[in-house]
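Data first, discussion second: the structure below is written as structure tokens.
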There are 6 protein chains.
Amino acid sequence: MFFHRQELQHQATPDRPDAVFARKLQEVLGGQYGEITVAMQYGFQAWNVHLPGKYRDLLYGIGAEEFGHVEMLATMIAQLLEKAPLGVTEDAVQSDPTVAAIVGGTDVQHAIVAGAGARPVDSNGNPWTAGYVTASGNLMADFHSNANAEMQGRLQVARLYNMTDDAGVRDLLAFLLARDTMHQNQWLAAIEELKEDGLEQLPVPSNFPQAQEATEVSYQYLNFSDGAAAADGRWASGTSLDGNGEHSYHEGPTTSAPMPPPTHPDPRLYGTTPTPNVVEKMAGKAKDALNLD
Amino acid sequence: MFFHRQELQHQATPDRPDAVFARKLQEVLGGQYGEITVAMQYGFQAWNVHLPGKYRDLLYGIGAEEFGHVEMLATMIAQLLEKAPLGVTEDAVQSDPTVAAIVGGTDVQHAIVAGAGARPVDSNGNPWTAGYVTASGNLMADFHSNANAEMQGRLQVARLYNMTDDAGVRDLLAFLLARDTMHQNQWLAAIEELKEDGLEQLPVPSNFPQAQEATEVSYQYLNFSDGAAAADGRWASGTSLDGNGEHSYHEGPTTSAPMPPPTHPDPRLYGTTPTPNVVEKMAGKAKDALNLD
Amino acid sequence: MFFHRQELQHQATPDRPDAVFARKLQEVLGGQYGEITVAMQYGFQAWNVHLPGKYRDLLYGIGAEEFGHVEMLATMIAQLLEKAPLGVTEDAVQSDPTVAAIVGGTDVQHAIVAGAGARPVDSNGNPWTAGYVTASGNLMADFHSNANAEMQGRLQVARLYNMTDDAGVRDLLAFLLARDTMHQNQWLAAIEELKEDGLEQLPVPSNFPQAQEATEVSYQYLNFSDGAAAADGRWASGTSLDGNGEHSYHEGPTTSAPMPPPTHPDPRLYGTTPTPNVVEKMAGKAKDALNLD
Amino acid sequence: MFFHRQELQHQATPDRPDAVFARKLQEVLGGQYGEITVAMQYGFQAWNVHLPGKYRDLLYGIGAEEFGHVEMLATMIAQLLEKAPLGVTEDAVQSDPTVAAIVGGTDVQHAIVAGAGARPVDSNGNPWTAGYVTASGNLMADFHSNANAEMQGRLQVARLYNMTDDAGVRDLLAFLLARDTMHQNQWLAAIEELKEDGLEQLPVPSNFPQAQEATEVSYQYLNFSDGAAAADGRWASGTSLDGNGEHSYHEGPTTSAPMPPPTHPDPRLYGTTPTPNVVEKMAGKAKDALNLD
Amino acid sequence: MFFHRQELQHQATPDRPDAVFARKLQEVLGGQYGEITVAMQYGFQAWNVHLPGKYRDLLYGIGAEEFGHVEMLATMIAQLLEKAPLGVTEDAVQSDPTVAAIVGGTDVQHAIVAGAGARPVDSNGNPWTAGYVTASGNLMADFHSNANAEMQGRLQVARLYNMTDDAGVRDLLAFLLARDTMHQNQWLAAIEELKEDGLEQLPVPSNFPQAQEATEVSYQYLNFSDGAAAADGRWASGTSLDGNGEHSYHEGPTTSAPMPPPTHPDPRLYGTTPTPNVVEKMAGKAKDALNLD
Amino acid sequence: MFFHRQELQHQATPDRPDAVFARKLQEVLGGQYGEITVAMQYGFQAWNVHLPGKYRDLLYGIGAEEFGHVEMLATMIAQLLEKAPLGVTEDAVQSDPTVAAIVGGTDVQHAIVAGAGARPVDSNGNPWTAGYVTASGNLMADFHSNANAEMQGRLQVARLYNMTDDAGVRDLLAFLLARDTMHQNQWLAAIEELKEDGLEQLPVPSNFPQAQEATEVSYQYLNFSDGAAAADGRWASGTSLDGNGEHSYHEGPTTSAPMPPPTHPDPRLYGTTPTPNVVEKMAGKAKDALNLD
């Protein structure tokens, strides 16, 4: 169960309205790596977890914080939009090109659809989608996803920090940056702890018997491009990070197989399939073609 | 530039058709963590990279391999579909419930839309979307995203491995498992190398001056749920993984701020806003309400 | 801020696993009218509200309950999936067509993607999208949206109730049905109260001056089809529900205007536009054509 | 069957082109509550209706009108776009910042994709999706959805009315406002009529036996937040609008159940599951943790 | 304006219900190439057309027919669903595996969401999206899109024809097949007529001055794969279909340019960028790497 | 398999940065008819093809070229974004409205999400979706889709050519225009060759026996609108392009059928269905209604 308190974790009031920045701030509310994503992601990981104890408590404990971050950002955006001009085209152009300029940078749905309210969308107006969420049941994989989400999130907040000089907004962003610092550290620490607790190892999933994979290519770096500098990386020689193999470097594939022949499904699917004499004719022409150059 | 060779990196032919499994296999072709995702992700990371040398070569070198994996899976799926029954409902029911059962598990668009061909969709028929792709320009963040993608991918392939006993299919899956092992190791190694090369540190982005964040909450674990076991994790005490702070554990938030008052946007947006006497009336009632229980 | 308690509002444990029903139950978790929709919708309405007091408290008070309903359904679905068979095609077909039948009815992503966990998707596997959310800033409009959401939600739960005979599942559905009863009544009551408080009237938005609309067609029922029974409805005669007009019934439109001529945008957009002699030629042929029959 | 007449229901020609407003007007053509939505929604409700007579005739009669509204808006938008500048960046900046400002506010796909034509998208360029449509087969629920759609629609048109001073555009918007007035009244009247005809009552669906729901919570207002003013609403005391119960007000839930233990699905799904000694170790640490503060 | 008549263009009643086929039939109602697509596509092409006369009349004339086809299919689907079993899992399994088999093949949203009604989705339940629509303002391009849509549509109907033996369903499909035959011929004829009327030629857009393109590669077939048979096609030698050039065949590209160096955007975007000594170090290692093999 | 070479097929470097144009250029990278679409489309057609020889080689040969075009555009976009201003609202407004104007026209996700990198989205920021891809297994249909894609693509590039005067950008666009010329010719030539090779004819699919369609309406032009000029087209009289029939022109439908009665699904789906006396009452009122006017 969730309980709501009519307080915010940190002050979320801008010094002045700024509808253009409101649009940009939508990214970290409703974008791929916005607060809705992490709130929902930690929620689903918690509800699906197969372990009692600290990992489940961790997911529950942080997930609820993130729903509060959704609220802080929504509240901030509504206030940034408070004095947004309606944006009558003619007015703007005739009286003040600056106003027109600003209008050009706003999310017009903020006014038309939400009446100057926050929306569950990203900074381009794409609705948030659960296609962003990861919850696989394997905590090692999912905690890497969580660490990445907090990194992308902090990165976006840092960029936004430089796109405004409003002290009220920056104050909130500084708070979010700090919490993202915590959450990055936390998921990386949880990854270490999973290993120490003997719950998961590399490669993920570690409980799949590695002997069943094609071990001859498990540690080969195969270069399918023509830049050779990748040979210099830790991934191209030496012991692998999982401790199970030795890396080697190869130009291109070390294996190959002929392309299988075309398929011949049920003729009532009306695909284009050859009649015998067409095949013969095409084969003949193909032979000639091979002599072309 | 990309060049194509009419060979596969590994044999991709099933022992027998299996339209139900073909549908399932779509997940690792066109799903959130399918081969299209990693191929496109490594491509965009490479095209946007700000560094010459080994990291760019790495992204180019692996990206092209992944496009070949897309091809192996598409080829396999087309062959799995080769003898798919058309699925006339009456036939199935009257003659053989097993056939009906199978038909129920297939992706009907395989037949109706693609004529027994592979499709760029996941195992539920959702079209692949670029909303799955991550390419931020910050390699530390992106390599965590890549490591996660390879973990989720290997996890899904491992699950699929147990959903079939077709030796041909398993042979391909074993190959993909091995390559995912390599790629997991590789991205984790690349993360280590970024640190050693002095290019990035934790927290991401490390070139944002950490002094500008609200450092008092940067290493606090705040428990917004009521399970106390999370206090026992490495994230709740001791030095943080980034080496910049000491973790502490707290029940609930250590900070709070009052909820800002409701906004009052332009009346021509026709939101519901109070008239003075309504406010007064509501305030009076609210006072009474507070005595209710 | 949101706080989580590791309890559920109502027991959510099935008598036995049922992966087919788990898929169906996803509809009221992650579908158009599932619990995620109402939780997010009430949240955004609350964050954007322009009024202090009871309406804002109502939105906050109910919104948090709905997040708890998301959790109850996710928890239930995870348990329904607990013993889901892996679904090896051959096994199923050879040993037991019933198993194959069941497998055909499951959401295969439950196993492949979530490892037998709940997902933020509907019963066809479409990811939840914020395109379902309504939060306009006008409470009269939004409360109608809320009432509809609770009606569609209760309707879907009622249908699901008849698709299972599992007592544990039905017990949870009975609880959800009751809460939807409450919430339907509540939003309809809130609509009445908005009118009584003098905050909004019909038609929405009531603070737009109705004199500026084309009042001559404001209360006309225009029949664009050929069934005449609609003339018998309350919408075709008598005083309108908003009290501002008298309905009348008309076969087809009471107004019309000629179709404007084709547009002629910038030629550098390379649309197909006529040259003078083409126009002449086409005009001539058109004249002939008019005599055709 | 549908028949088209090359006339419009109302004049739809602007006084002058305005590509910025054209973009905004897309909202009521192809947005969540645009004309495509209501046209398709009334169509699907009509095709699925289980009743002969006035309700079906109503749906058919209005649905066809709405397809004509789609046409009026598309025609208007194409004319608003007629003289849209191509928007060469350099030209704009050097010669006239106002032009650049305008260009910033346009939908660039209007030019690049449609060659100055209307598109089936909203004002942020999101393609219209059938995820917006509601057609449940239960008319009471669906008519509430319809009433809401007409309210949201009229609200958006009213907002757009204030974003332009073009008399031709306002003339069309005034017509749409009037028709939305009619359609709001009509659906609310139809709801009343359904009750009077004895076809549906509250709560929806009224033909589900209410005795099967958990009646003890059917009329309780449960406050999951900490604002007490909601106790003052009609939904917190007195007889419910459906006439079947008495409302009561409660701080928080009146029921609760323990969280079920974590699930243990098939190990071949490779989720993270505890080994016995891990469980023991974690339990021990959790006990210590409880003494922490 | 559109007017509706309560008749169908062709009888649309199945001999018996078949919920599995109902799901399949959704493809040609709400899929990528379903009737909603062509109805909307011809509509938007008509509203955006820049020519008076026969082409506009053609688009209007056919567009309205297609809306009627939407209706025929929706009506048919609702009837196919009329006796759909509710699909209680236990019942199905215990009493009759065939029933379970059938249930596995249905669209569960048909029952849960639409109450046995048609939906604006494809056969996998993906909502129809306006992303399927093409309306560019260039008739030559758009008529090719239309021809393709009618071909894909007829192909899908032909496949569906073989998936049922219900005479009523086949009767409707036979009608749709015939109309698709007409519409294929019609768009191809319209393409010819555009050329004869001097309105458009190849290549599209023909009013862009071809001298401004890089004419040296305008007619070269460049083979980026290693199969040589393509050299045998009409596209590899002889005069081009547009009559403006001579085709030639080449293995791989005839042009190339070095990859531009990595970009260096504003450092406040916090991408990973090299410090001077890192560049030096990496350059050194890269040099070594080049000697590796 | 795909192999990458760190070279471009053509130079892709702008003369100067232009973040506004970078956004526009996204259309032909990640839009409905962008390079990702054709690369993936030709790939899936190749993997699903049922024929050996020249057609398969053609698809492979061109598909790999298109992946290289994706790369050229991504590289160009990254460079166009290189000096993009961060867009601090206050700075822009106070110091230079031109800068604000430019910022209004950019894709803000270019900075916030990608750190001045290209993204797999269109010019409005919609993520690329595989819903754009066509691969049916029938080559005649698919080659028409391909021809259309190349036409729409060349049309969009031509429009973009006029939206910039940057010589570097235009140089790349001129190259793309030329390749689109080739590819248009190629697919149209391949259509001719399919006929000559006896593989497919009109109407598609030609291997469905045309006698099974409702041949009486196979060549009728049915005018569902009221413009008569369409009677003048080649589609309204004379022999059809497929050579199998004679066109005729008709005002409206030549066939019709009564609308089937409403359906009556399982009552446990809780749709609105009539009780006997309601039917009677409604019938009576309907009779009266018919006398209304």
Side-chain angles (χ1 to χ4, degrees), chain A residues 1-7 47-57 60 85-94 96-109 111-113 115 121 124-127 136-143 194 197-200 204-208, chain D residues 16 18-21 23-24 27-28 31-33 96-106 122-126 152 155-156 159-160 162-166 223-227 252-253 256 259 261-265 267-275 277-279 281-283 285-286 289:
Chain A
M1 280 191 284
F2 291 86
F3 294 84
H4 182 262
R5 189 185 300 165
Q6 293 194 22
E7 277 177 8
W47 300 319
N48 292 335
V49 84
H50 310 309
L51 284 174
K54 68 184 166 188
Y55 297 107
R56 189 157 77 151
D57 286 2
Y60 280 131
L86 279 186
V88 181
T89 319
E90 282 305 295
D91 283 5
V93 170
Q94 281 161 11
D96 187 352
T98 304
V99 172
I102 289 171
V103 170
T106 61
D107 177 341
V108 295
Q109 290 188 313
I112 303 172
V113 175
V121 304
N124 266 335
N126 297 299
S136 73
N138 184 294
L139 295 187
M140 182 74 100
D142 287 358
F143 289 176
L194 280 173
D197 284 344
L199 287 166
E200 292 281 350
V204 171
S206 52
N207 36 4
F208 180 85
Chain D
R16 56 187 173 282
D18 181 347
V20 173
F21 192 77
R23 172 200 177 179
K24 293 178 182 166
E27 189 64 35
V28 287
Q32 183 185 12
Y33 290 111
D96 187 353
T98 305
V99 171
I102 289 172
V103 170
T106 61
D122 70 16
S123 59
N124 265 335
N126 296 299
Q152 302 287 347
L155 179 60
Q156 293 180 0
R159 286 165 176 168
L160 288 164
N162 289 304
M163 293 180 190
T164 183
D165 52 10
D166 183 295
N223 188 22
F224 280 77
S225 185
D226 62 350
S256 88
M259 184 75 71
T263 55
H264 295 92
R268 289 169 298 167
L269 293 173
Y270 305 113
T272 303
T273 41
T275 54
N277 66 334
V278 168
V279 172
K281 187 173 149 200
M282 287 172 64
K285 288 195 184 172

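The analysis underlying the following values was restricted to heavy atoms, covering all of them including side chains, and did not include hydrogens, waters or symmetry mates. A note on names: the letters A, B, ... follow the listed sequences, proteins ahead of strands, and every chain is numbered from 1.
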**Message:** Do D/N126 and A/Q109 make a side-chain contact, defined as non-hydrogen atoms from C-beta onward lying under 4.5 Å apart?
**Reply:** yes
**Request:** Indicate yes or no: at least one non-hydrogen side-chain atom of A/L51 is less than 4.5 angstrom from one of D/P262.
**Result:** no
**Request:** Starting at CG of A/N48, measure out to OG1 of D/T272 and round the result to the nearest 0.5 Å.
**Result:** 12.0 Å
**Request:** To the nearest 0.5 Å, tell me how far A/I112 CD1 sits from D/R159 CZ.
**Result:** 9.0 Å
**Message:** Under a 4.5 Å cutoff for heavy-atom pairs, which residue among D/P261, D/P265, D/S256 has the most contacts with chain A?
**Reply:** D/P265
**Message:** With chain D as the partner, which of A/V49, A/V121, A/D142, A/L194 has the greatest number of non-hydrogen pairs under 4.5 Å?
**Reply:** A/V49
**Message:** Could you report the tightest heavy-atom contact between D/Y270 and A/N138, atom names first, then the distance?
**Reply:** O-ND2, 2.9 Å
**Asked** Which heavy-atom pair separates A/A111 from D/M163 by the least distance, and what is that distance?
**Response** CB-CE, 3.7 Å
**Request:** Check whether D/Q156 gets within reach of chain A through its side chain, its backbone, both or neither, counting any heavy atom under 4.5 Å.
**Result:** both
**Under the side chain to side chain contact (heavy atoms under 4.5 Å, CB included) test, residues paired with A/Q6 that sit two or more places apart** = A/H4, B/M259, C/D57, C/Y60, D/S225, D/D226
**Item:** side chain to side chain contact (heavy atoms under 4.5 Å, CB included) against D/P253, all qualifying residues, sequence neighbours excluded
**Value:** A/M1, A/F3, C/Q9, D/F224
